[in-house]
Amino acid sequence: MATSDPTASGLSLKRLALIVVTALVSLVLAQSLFNSLTEPQVASQLQLYQTDLLLESSAWDGAGLPPDQWPLLRQGLLGEDPIATAQKQYESVREEATTLAQAAPPLPANLGESANDGKPLPRRQQTALAQQQTLISELDLRLGLMDAAQDNLPAALDRWKQVQTSDTAPANRVRTADTLTRLWQAETALPEDEAWLRQSLNGWFETRALEQLYRVENREGDRQQLLDQEQTTAQDQLVKLALVGTLPVLGTILGVGILLGLSIQWFLKGDRSLLRRPASPEWSIPWDGETIWQVLIVGFFFVGQILLPLILGGLGLSGAALSSRGRALFSLTYYLLMAAGGLGVLWLSVRPYRPLPAGLFRIRFSLSGILWGMGGYLVALPLMLMVALLNQQIWQGQGGSNPLLQTVLEEQDPVALIVFFATAAIAAPLFEETLFRGFLLPSLTKYMTVSWAVGLSGLIFAAAHLSLSEVLPLTLLGCILGGVYSRSRNLLSPMVLHSLWNSATMLGLFILGG
């Protein structure tokens, strides 16, 4: 009488469970990537924040500098016509926002229903469309103020009229447009105008509106005090602008130098060059493709994208209703739980193969490991810049972004910012490099060459961030991280590179948001 093999039966059940989980994960990932298609990139917001720095800096008159030096310094940092440059940037962002808004289905009066067929409208779609419509009205207010500053009053009035007559502009934007129109056209002011302008505008735009208000009310003393304060602010903002604009340029120049040096070495030394010399020793991988599948699908995607949100949602835990510090701590806690789940599945999956072959998951604290990471970061700067320019042409402001970037950009609480920084610059590199470079990259070399493994692991790393617009640049970054690890054979190196990249991003957001 034949009997079934319980081991084979267990394996079959395990594979069946993996197939079911994979199908579920695939649906969730496909939906997330599809939803990101109609969401805006945070890059557009970053450009506007930097543009606002440019506008505020342009007000400085160079007090304290030699008269012959300030014009040269001004042109080098701010350009020939800062307001015209800023207006061009704002026009570009408005065009992208209009395209996004037009591509989405119309937002109905009842946000729970679709305007076309009565079906529920996805919440993310509601939010994205409402954000674009609000952004367009805000851009028109600011573009009008730039027109007015350049003595083009008809264009300014036309901008504000678009807001006043818009069916989708929020009420507070309409009120601001009414106030600006009255100040410039009728030259009359109401007692509540000053408080409202301070509340609804900021930076250079607030100053221009208040300056007009003080002119209308003949408050020359207040106007002069406002302009004096603007000089102090402009000088501070010029320093920020120099940091945001100059440091990346210097890093990019160094990166180009390293790339040129490596290219020359490749040409002169051939197979003995640093890039072409075979890395040794080769990784010895005792587990099979099913283990790779299990760790990636269950440990990372299922736990992080499905199971953990379900558990926290079932417990009624969400960061949406929390304070600034609460949201930051929730974000860090969520990431640590996701990392613990992912690393837990990884440990259970490779545990039967202990002792592991030499060279796997190796972290050595050494100067060479740190230098590999720093060199990789500098090399990444010019390459990522070129890909970012190409990516912008492809997506035209669409494709979504990491929601953490927008949160950090708008955050003002120092403690919350420190927590967000720890999440991005410490927790993320430790977990993601252990999983994608420490485990996935070497595991793939069992079935393909190191070069192909670097490329495929980089693509999976990019797709894991769930934003279509980030797939191309993050694939490149993942390949650079993989290349650094395959050469250094030290996980410290990609961890340092990853941490430097995220740290620089966070610091840039801090400066712009501040």
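Not measured: the values here are computed from a predicted model.
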message = As a quick check of understanding, evaluate side-chain contact (heavy atoms from CB on, under 4.5 Å) for Y214 and L226, giving each step before the final call.
response = CA-CA 9 Å; Y214 295 154; L226 176 73; 4.0 Å; yes

Inset, instruction - Go through the steps for L139 and R159 under the test side-chain contact (heavy atoms from CB on, under 4.5 Å), then give the verdict. - result: CA-CA 9 Å; L139 293 175; R159 296 278 191 189; over 6 Å; no

Practice prompt. Walk me through it: do D236 and E56 pass the test side-chain contact (heavy atoms from CB on, under 4.5 Å)?
Written response: CA-CA 9 Å; D236 294 339; E56 291 190 83; over 6 Å; no

Should R223 and E220 be marked as a salt bridge (charged side-chain N to carboxylate O under 4.0 Å, His left out) after you check the CA-CA gap, both sets of side-chain angles, and the distance that decides it? CA-CA 5 Å; R223 176 177 172 274; E220 186 58 33; 3.0 Å; yes

**Prompt:** Checking side-chain contact (heavy atoms from CB on, under 4.5 Å) for the pair T22/V298: CA distance, chi angles, key distance, verdict?
**Reply:** CA-CA 8 Å; T22 302; V298 179; over 6 Å; no

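Between Y334 and F330, the angle of the ring planes lies from 30° to 60°, which puts this pair in the tilted group.
When only modelled atom types and interatomic distance are considered, Q50 and Q89 share no side-chain donor-acceptor pair under 3.5 Å. H498 and E433 are linked by a side-chain donor-acceptor pair at a separation below 3.5 angstrom, with hydrogens and angles left out of the test. S467 and S469 share no donor-acceptor pair across their side chains, judged by distance under 3.5 Å alone. Side-chain contact annotation: Q212 with E217, donor-acceptor N/O pair under 3.5 Å absent. Residues Y90 and D140 bring no donor and acceptor atom of their side chains to less than 3.5 Å of each other.
W204 carries R208 over the face of its six-membered ring, with the cationic atom under 6.0 Å from the centre and within 45° of the normal.
More than 12 heavy atoms of other residues, nucleotides or ligands shown are found within 6.0 angstrom of CD on E192. Atom CD of Q225 has 12 or fewer neighbouring heavy atoms from other residues, nucleotides or ligands inside a 6.0 Å radius.
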Could you tabulate the donor-acceptor pairs under 3.5 Å formed by side-chain atoms of residues 245-256, not counting sequence neighbours?
from, atom 1, to, atom 2, distance (Å)
T246, OG1, A242, O, 2.8
T252, OG1, P248, O, 2.7

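Tested against F302 for a side chain to side chain contact (heavy atoms under 4.5 Å, CB included), the candidates V28, L308, L24 yield a single pass: L24. Evaluated for a side chain to side chain donor-acceptor pair (under 3.5 Å) with R142, the options D52, T51, D147 yield exactly one hit, D52.
Judged as a side chain to side chain contact (heavy atoms under 4.5 Å, CB included), and not counting sequence neighbours, the contacts of T407 are F420.
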